[in-house]
2 protein chains.
Amino acid sequence: MFSIGQLSKQTGVKVPTIRYYEQVGLLVSAGRTEGNQRRYDKEGLERLGFIRHARDLGFSIEAISALIDLQQHPDRSCQEATEIAQDQLADVREKLRRLTALETELVRISEGCDGDGSSNDCYVLTSLADHRHCRTEH
Amino acid sequence: MFSIGQLSKQTGVKVPTIRYYEQVGLLVSAGRTEGNQRRYDKEGLERLGFIRHARDLGFSIEAISALIDLQQHPDRSCQEATEIAQDQLADVREKLRRLTALETELVRISEGCDGDGSSNDCYVLTSLADHRHCRTEH
DNA sequence: CTTGAAGCTCTAGTGACTAGAGGTTGTAGA
DNA sequence: TCTACAACCTCTAGTCACTAGAGCTTCAAG
């Protein structure tokens, strides 16, 4: 049996975050000692590991809830799980596309200015003032 | 002179967002009509355009505040502006790095599963349950 | 002069936590 | 067995950048 602090160390999830996950229903309410402190078993540890990993991959709390539901109903087709993962992938790809465009613009903006001179004619500022200078859509 | 609605249409920034920008000090308080409605001139329009563009590029409200301060003190060196832009670029690059790793994992996870079978042995779920399957750091 | 779109302020909600106050429990060492 | 104190508890409020809604007032076209 682990205390919340031990669970935190093993998973890398901060203590208040673990309590938050319980509050929003992502973790089942843990058992308690007589003095009202949370105690976790191996299952709790694994569950939190799953959540941690999914959060690292950018899944929302809502999506993770749905995935956990699926885990607990092994009779249901895993098509839903695949859909959630593919939605997430589409999301990540869209973000990549946008960030790549932003990188292009930021490089252009940063390189135009050598850091000398007054901000009067600073390339960073004039670039930001006028979208028409941009090479990409964003 | 423009009403807040006209300003919104011209810049693509929503009306409540414009009021929010004023509230947090990003936009100088607009002049008002006798009936207390906001009226903007060309300068207000340009300022909001600047903010819009910088937000699109991912700059925080705080960073934009700093950039606007610099615009209003043309005597100050633009080194600060360049620094802000380069910080933002570093930030974007870090996000790109992480997202690229996530994309790799998500492709691996999504492709492992054909959507058939029960969630009992769904590859998506087992992959998320065990970080050790991952090919990349994240 | 009427109508209704557009404006106003204020409060509260979003997601995923994080921080702090103020009190209680568990446990290691004396 | 006692004592210290780290770790735990709950609760409220704050973060960021908005967004939504209630309930009211003003502007401008017909």
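Values reported hereafter were calculated over all heavy atoms of this structure, with side chains retained and with hydrogens, waters and symmetry mates removed. These numbers come from a predicted model, not from an experiment. Throughout, protein chains are lettered first and strands after them, A, B, ... in sequence-line order, and every chain is numbered starting at 1.
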Short heteroatom pairs, N/O only, protein and nucleotides 1-5 of chain D, under 3.5 Å:
none

Closest approach of B/Ala85 to A/Ile109 (non-hydrogen atoms, all atoms of both residues):
CB-CG2, 4.5 Å
Starting at [atom1] of [X] and ending at [atom2] of [N], how long is that distance when rounded to a whole Å?
X: B/Ile64; N: D/dC18; atom1: CD1; atom2: C1'; answer: 13 Å
X: A/Ile18; N: D/dA7; atom1: CD1; atom2: P; answer: 14 Å
X: B/Arg19; N: D/dG21; atom1: CZ; atom2: C1'; answer: 12 Å
X: A/Glu22; N: D/dC8; atom1: CD; atom2: C1'; answer: 13 Å

Could you check whether any side-chain N or O of [X] sits under 3.5 Å from a backbone N or O of [Y], counting only pairs where one atom can act as donor and the other as acceptor?
X: B/Gln88; Y: B/Leu57; answer: yes
X: B/Gln10; Y: B/Leu7; answer: no
X: A/Arg55; Y: A/Phe59; answer: yes
X: B/Ser8; Y: B/Ile4; answer: no
X: A/Glu46; Y: B/Ala129; answer: no
X: B/Asp41; Y: B/Gly44; answer: yes

Strand-adjacent residues in residues 92-99 of chain B, judged by heavy atoms under 4.0 Å from DNA chain C:
none
Which parts of residues 31-44 of chain B get close to DNA chain C, meaning a heavy atom less than 4.0 angstrom away?
B/Arg32, B/Asn36, B/Gln37, B/Arg38
Test item: B/Ser127 and B/Arg108 side chains (from C-beta on) under 4.5 Å apart, heavy atoms
yes
By salt bridge (charged side-chain N to carboxylate O under 4.0 Å, His left out), B/Arg93 pairs with (sequence neighbours left out) A/Glu103
Enclosure of B/Glu94 CD (heavy-atom neighbours >12, cutoff 6.0 Å):
yes
Is the CD atom of B/Gln6 crowded by more than 12 outside heavy atoms at less than 6.0 Å?
yes
Name every donor-acceptor pair, under 3.5 Å, that has one atom in a side chain of residues 14-31 of chain A and the other anywhere in the protein, sequence neighbours excluded.
{"from": "A/Glu22", "atom 1": "OE1", "to": "A/Arg38", "atom 2": "NE", "distance (Å)": "2.9"}

Roughly how far apart are A/Asp56 CG and B/Glu105 CD, rounded to 0.5 Å?
11.0 Å
Per-nucleotide protein contact string for nucleotides 10-23 of chain C (B base, S sugar-phosphate only, - none; heavy atom under 4.0 Å)
------BBS-----
